[in-house]
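Data block below; observations after.
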There are 2 protein chains.
Amino acid sequence: MMRSDILDLFEKHDILPTQQRVEVAQILLVRPQHLSAEQIIDRLMQQGSSVSKATVYNTLKLFGEHGIVKEIMADPVRKFYDSSTLPHHHFYNVDTGELHDIAESDVSIGSLPLLPAGTRQESVEVLIRVRPTEN
Amino acid sequence: MMRSDILDLFEKHDILPTQQRVEVAQILLVRPQHLSAEQIIDRLMQQGSSVSKATVYNTLKLFGEHGIVKEIMADPVRKFYDSSTLPHHHFYNVDTGELHDIAESDVSIGSLPLLPAGTRQESVEVLIRVRPTEN
DNA sequence: AAAACAATTTGGAATTGGTCTATACTGCAG
DNA sequence: CTGCAGTATAGACCAATTCCAAATTGTTTT
């Protein structure tokens, strides 16, 4: 995704295209990937641009609320942000922490139970935890 | 699950049945439930027994490694420990933080993708995120 | 039963990921 | 300009968890 696409996306979601927001988006949205807030901050620093920690967190939260990125909770200690917002699933390697996408079409879920009273469904996520084969 | 069952379980897993480990097990394993480490510490304190924070964390980690409890990562800021280790799934209310079990038989997964090379499957978990219906 | 050793527990310090706060900056409408 | 709303910032703060070195407990050896 290139700069002009990002600006379009922001406009569609009524997000003011500030310098910092565009920079964060350019890192996360260039290609399908999973990054933690820390990783995004590191990359920003590497490329010399200084966006503050607070702003990165604010921005990721904002993006999440607008559904332009997706939060993934596979790791107990940190959130990952996923640039592909289409429904899909994940492999999580518990040893290495690696996350890999699984296309939604690769998993078929036959039946789902009744939701608890007074709730509506927000998402259905399948997480397949894997571990390196020993040997 | 009662005390003697817990001792049997420990023996089966070569876990030394220390005072503290038994106390933690007695809280978590009495019935199917989801507790965070903090909640377990609170309950220990309520019942007057003083097991240190570090020991609770050590113990839960040990139990997890032996597969006698299951870690659930639904909430990015804390882990929950699940006393039912049989495969099953969860509803997670993103507003209230409530976790509810879904019996494995209530979800049928039709197909699963090929695992990444060099990995074996550890678990398949379905997390249905829900939110209170507004009104 | 004392000495020696291993395993476990402990309190408190340290770390980590993330949030909060008060201040400063950046447009833009009047 | 001036004022105001929305953002950005550094740094203090916070909660959950881990780390560490010392104290305790349990088990063997003698």
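Numbers restart at 1 for each chain; the letters A, B, ... are given by sequence-line order, proteins then strands. Keep in mind that what you see is a predicted model, and the values were worked out from it rather than measured.
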Checklist entry - Relative to the 5' end of DNA chain D, which residue comes earlier, B:Val77 or B:Lys61, by the nucleotide with the nearest heavy atom? => result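 Mapping each residue to its closest nucleotide by heavy atoms, the 5'-most match is B:Val77.
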
Checklist entry - Pick the nucleotide of DNA chain D nearest each of A:Lys53 and A:Asn58; which residue has the one closer to the 5' end? => result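 Looking at the nearest nucleotide for each, A:Asn58 comes out on the 5' side.
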
Next on the checklist: Base, sugar-phosphate or nothing for A:Ser50? Non-hydrogen atoms, less than 4.0 Å.
Outcome noted: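 Here A:Ser50 touches the backbone only, sparing every base.
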
Checklist entry - Contact class for B:Thr18 (heavy atom, under 4.0 Å): base, sugar-phosphate, or nothing? => result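 Sugar-phosphate, backbone atoms only, no base.
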
Checklist entry - Which nucleotide in the list C:dT8, D:dA10, C:dG17 gets nearest to the side chain of A:Ala54? => result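 Of C:dT8, D:dA10, C:dG17, D:dA10 is nearest to the side chain of A:Ala54.
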
Next on the checklist: Side chain of B:Lys79, heavy atoms from C-beta onward: which of C:dT9, D:dG6, D:dT18 has the nearest atom to it?
Outcome noted: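 For the B:Lys79 side chain, the nearest candidate turns out to be D:dT18.
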
Checklist entry - C:dG18 P sits how many Å from A:Leu62 CG, rounded? => result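 Interatomic distance, CG of A:Leu62 to P of C:dG18: 17 Å.
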
Checklist entry - How many Å lie between CD on A:Gln39 and P on C:dG17, as a whole number? => result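 The answer, rounded to whole Å, is 10 Å.
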
Distance below 4.0 Å between [X] side-chain N/O and [N] OP1 or OP2:
| X | N | answer |
| --- | --- | --- |
| B:Gln20 | C:dT10 | yes |
| A:Thr55 | D:dT9 | yes |
| B:Tyr57 | D:dT18 | no |
| A:Arg21 | D:dT7 | yes |

Item to check | More than 12 heavy atoms of other groups within 6.0 Å of A:Glu11 CD | outcome: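 Atom CD in A:Glu11 is not crowded, with 12 or fewer foreign heavy atoms closer than 6.0 Å.
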
Checklist entry - Does B:Pro76 or B:Val51 map to a spot on DNA chain C nearer the 5' end, using the closest nucleotide for each? => result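 This one resolves to B:Val51.
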
Checklist entry - What is the ring orientation for B:His34 with B:His88, classed by angle as parallel under 30°, tilted 30 to 60°, or perpendicular over 60°? => result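 Tilted, since the angle between the ring planes falls between 30° and 60°.
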
Item to check | Any donor-acceptor N or O pair under 3.5 Å, side chains A:Glu98, A:Thr96 | outcome: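 Their side chains do contain a donor-acceptor pair, which is all the 3.5 Å distance test asks for.
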
Checklist entry - When you check the side-chain N and O atoms of A:His90 and A:Asp101, is any donor under 3.5 Å from an acceptor? => result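 The answer is yes; a qualifying pair exists.
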
